[in-house]
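Bear in mind that the values here come from a model prediction, so they are computed numbers and not experimental data. Sequential numbering from 1 along the given sequence is applied to the chain's residues.
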Amino acid sequence: MLQIEKIREKVINLDEADAKSLLMIIYARLDTAINGNGGYKVVEETLKDLFDIYQKLPVKNR
């Protein structure tokens, strides 16, 4: 199974509260990267952090 398919399954299995929390975390990180003074390094770190969040999503059984 491709990595994106694994992540897709994890996202599908999120309940509404978890999905909303994930969206808020993503927004907060993007807002900090775009509106902060950290420059490219902060943007790069943010992208890596967001990627890692998806990798670490738990596998839930429906």
Provide the full list of salt bridge (Lys or Arg N to Asp or Glu O under 4.0 Å) pairs with a residue in residues 6-17, sequence neighbours left out, each pair given once. E16-K20
If two hydrophobic side chains count as joined below 4.5 Å and joins carry through other members, does I53 share a cluster with L14? yes
E45: which residues meet the side-chain hydrogen bond (donor to acceptor under 3.5 Å, both in side chains) condition with it, sequence neighbours left out? none
Show which residues join V43 in its hydrophobic cluster (side-chain heavy-atom contacts under 4.5 Å, direct or indirect), or state none. L47
What residues, two or more places apart in sequence or in another chain, satisfy salt bridge (charged side-chain N to carboxylate O under 4.0 Å, His left out) together with K48? E44
At their closest point, which heavy atom of Y54 faces which heavy atom of V11, and how far apart are they? CE2-CG2, 3.9 Å
Please report, to 0.1 Å, the donor-acceptor pairs under 3.5 Å made by any side chain of residues 22-31, with sequence neighbours excluded.
| unit_1 | atom_1 | unit_2 | atom_2 | d |
| --- | --- | --- | --- | --- |
| R29 | NH1 | D49 | OD2 | 2.7 |
| R29 | NH2 | T46 | OG1 | 3.3 |
| R29 | NH2 | D49 | OD2 | 3.0 |
| D31 | OD1 | N35 | ND2 | 2.4 |

For I4, the side chain to side chain contact (heavy atoms under 4.5 Å, CB included) test, sequence neighbours excluded, returns L2
